[in-house]
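Working notes, beginning with the structure itself.
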2 protein chains.
Amino acid sequence: MKRDSRLSGVLHVLLHMAEHEGPSTSESLAHAMQTNPVVVRRIMAGLRERGFVRSEKGHGGGWTLARDLEEITLRDVYEALGSPGLLAIGNRTESPGCLVEQAVNAALADSFQEVENVLLARFGGITLKTLHADFHARFARIPRNNRKAVAHEH
Amino acid sequence: MKRDSRLSGVLHVLLHMAEHEGPSTSESLAHAMQTNPVVVRRIMAGLRERGFVRSEKGHGGGWTLARDLEEITLRDVYEALGSPGLLAIGNRTESPGCLVEQAVNAALADSFQEVENVLLARFGGITLKTLHADFHARFARIPRNNRKAVAHEH
DNA sequence: CATCATGTAACTATTGTAGTTACATGAAAA
DNA sequence: TTTTCATGTAACTACAATAGTTACATGATG
């Protein structure tokens, strides 16, 4: 696996839920994502625990949003995934005895910390509402007769 | 392997070379890094191609810096490694047909691009001289009788 | 009670670094 | 000229983490 794409995936799922009246099943969401229902359940588990979505079993069951779109930031979603590591590069050793390596690590760690803060700050400033509005802007630009092809069942 | 630590490793090696009079062998550098000589040669190959270091075979051979410390930035070193991906997270699909996913990807790609630029800018502003000076500042703080233990043969 | 849908464990596939072994190439010393 | 030293590389194993899949348990609805 090249990169962790769970954030991208779960956001896709959440926006599909926002477009869909009533509960969405893992099955239908997985179909929109072209993946497996178990993958959907897996990436949604953290969001459920934190109260952003609800899930119901049995007939008429499925996933529903438990909050308004403007109440959920990308940072909330990221943290619900368990705050996976953001950077693909890192220090070789955490607490090296070698002073040379300590100097290297200190410089790199500072830089890493800074960009992680930048990214988390950006995530904190983007809500699902932002993405939802962007989607609708894109949707409005598509000719009516093409819409089904580019946005599953909308 | 959790994260790519080649940048951390190669910087460690370069600073050890700066402290060492004459050529350093892959063997001795690997010993300082507590790894294998082949790993050292592998991460140094790109730097050699770009003229930042030289290598010589045979007796008295090994690695030498080909430029002053202030002429090599962390960005140079990073690029000599082949500019490996900086972020551990990314979009699920590059060019999705689904408009929902396009909106998600656009927002994430913007954020990703921004933090990559921030990190590369920082790397561009740090030279090996910076790290070298930091190492010597740390070194000066250590009591003389402990120095061998924390900074291989200095 | 049959069906539907989630919850989860367990296993495979994939991808890329790290580490190792083995051997070829070439330079300096004996 | 032969030995020794050191780099250059290919090839293989170990490892880690996500993605995808199968299998089955749990619980709610009709």
Side-chain angles (χ1 to χ4, degrees), chain A residues 1-10 12-13 17 20 22-49 53-64 66 78 81-94, chain B residues 1-10 12-13 17 20 22-49 53-64 66 78 81-94:
Chain A
M1 249 76 278
K2 224 181 182 63
R3 291 161 150 184
D4 181 345
S5 65
R6 285 178 295 169
L7 182 61
S8 167
V10 76
H12 186 182
V13 160
M17 286 166 60
H20 188 260
S24 306
T25 63
S26 304
E27 177 90 29
S28 69
L29 294 169
H31 188 256
M33 275 183 68
Q34 300 184 74
T35 183
N36 192 292
V38 175
V39 173
V40 173
R41 293 187 193 118
R42 196 144 65 192
I43 63 182
M44 297 287 280
L47 286 161
R48 182 184 55 231
E49 281 160 23
V53 299
R54 271 188 295 267
S55 62
E56 303 288 345
K57 291 178 174 177
H59 284 272
W63 300 88
T64 45
Y78 165 74
L81 290 173
S83 303
L86 293 173
L87 289 169
I89 67 181
N91 285 328
R92 232 169 45 86
T93 327
E94 275 326 303
Chain B
M1 253 74 277
K2 221 181 183 63
R3 290 160 150 188
D4 180 347
S5 65
R6 285 178 294 170
L7 182 60
S8 167
V10 76
H12 186 181
V13 160
M17 286 166 60
H20 188 259
S24 306
T25 64
S26 304
E27 178 88 29
S28 69
L29 294 169
H31 188 257
M33 277 184 67
Q34 299 183 72
T35 183
N36 193 293
V38 175
V39 173
V40 173
R41 294 186 193 117
R42 196 145 66 193
I43 63 182
M44 297 287 281
L47 286 161
R48 182 184 56 232
E49 282 161 23
V53 299
R54 271 188 295 267
S55 62
E56 303 288 345
K57 291 179 176 177
H59 278 89
W63 300 89
T64 45
Y78 164 75
L81 290 172
S83 303
L86 294 172
L87 290 169
I89 67 181
N91 286 326
R92 233 168 42 87
T93 327
E94 275 324 303

Report yes if a side-chain nitrogen or oxygen of A:T35 is closer than 4.0 Å to either non-bridging phosphate oxygen (OP1 or OP2) of D:dG20; otherwise report no. yes
A:L7 CG to D:dA19 C1', in whole Å, measures 16 Å
With the side chain defined as heavy atoms from C-beta on, A:S26 is closest, among D:dG8, C:dT6, D:dA23, to C:dT6
Rounded to whole Å, the CZ-C1' distance (A:R3 to C:dT14) equals 16 Å
- Which part of the nucleic acid, if any, lies within contact of B:R48, taking any heavy atom under 4.0 Å across all strands shown: a base, the sugar-phosphate backbone alone, or nothing? sugar-phosphate
Rounded to whole Å, CZ of B:R6 lies from P of C:dT17 at a distance of 5 Å
Here the distance between atom C1' of C:dA5 and atom CG of A:L29, to the nearest Å, is 12 Å
Result for 5'-nearest mapping on DNA chain D, choosing between A:R42 and A:H59, is A:R42
To the nearest angstrom, the CD-C1' distance between B:E27 and D:dC5 comes to 11 Å
Any B:R41 side-chain nitrogen or oxygen under 4.0 Å from OP1 or OP2 of D:dT7: yes
Does B:S5 place a side-chain N or O at less than 4.0 Å from the phosphate oxygens OP1/OP2 of C:dT17?
-> no
Go through it in stages, so that I can follow the logic: the residues are B:T64 and B:V53, the test is side-chain contact (heavy atoms from CB on, under 4.5 Å), and I'd like the CA-CA distance, side-chain angles, deciding distance and then a yes or no. CA-CA 6 Å; B:T64 45; B:V53 299; over 6 Å; no
Side-chain contact check for A:K57: nearest option of C:dG7, C:dA27, C:dG19 is C:dG7
In whole angstroms, the gap separating C1' of D:dT7 from CE of B:M44 amounts to 12 Å
Quiz item: Would you call B:R6 and B:P84 a side-chain contact if the rule is heavy atoms closer than 4.5 Å?
Solution: yes
Review point. How is B:G60 classified with respect to the nucleic acid when contacts are heavy atoms under 4.0 Å: base, sugar-phosphate, or nothing?
Key: nothing
The nucleotide from D:dT18, C:dT20, C:dG7 with an atom nearest the side chain of A:D4 is D:dT18
To the nearest angstrom, the CD-P distance between B:E56 and C:dA28 comes to 8 Å
Should B:Y78 and B:S83 count as side-chain neighbours, where that means a heavy-atom distance under 4.5 Å?
-> yes
Query raised in the report: Below 4.5 Å, heavy atoms only, C-beta onward: do A:M44 and A:M17 meet side chain to side chain?
Result: yes
Per nearest nucleotide of DNA chain C, the residue lying toward the 5' end, A:V38 or B:P84, is A:V38
From CG of A:L47 across to P of C:dT6 the rounded distance in Å is 15 Å
In the structure I gave you, are the side-chain heavy atoms of B:R48 and B:R54 within less than 4.5 Å of one another anywhere?
no
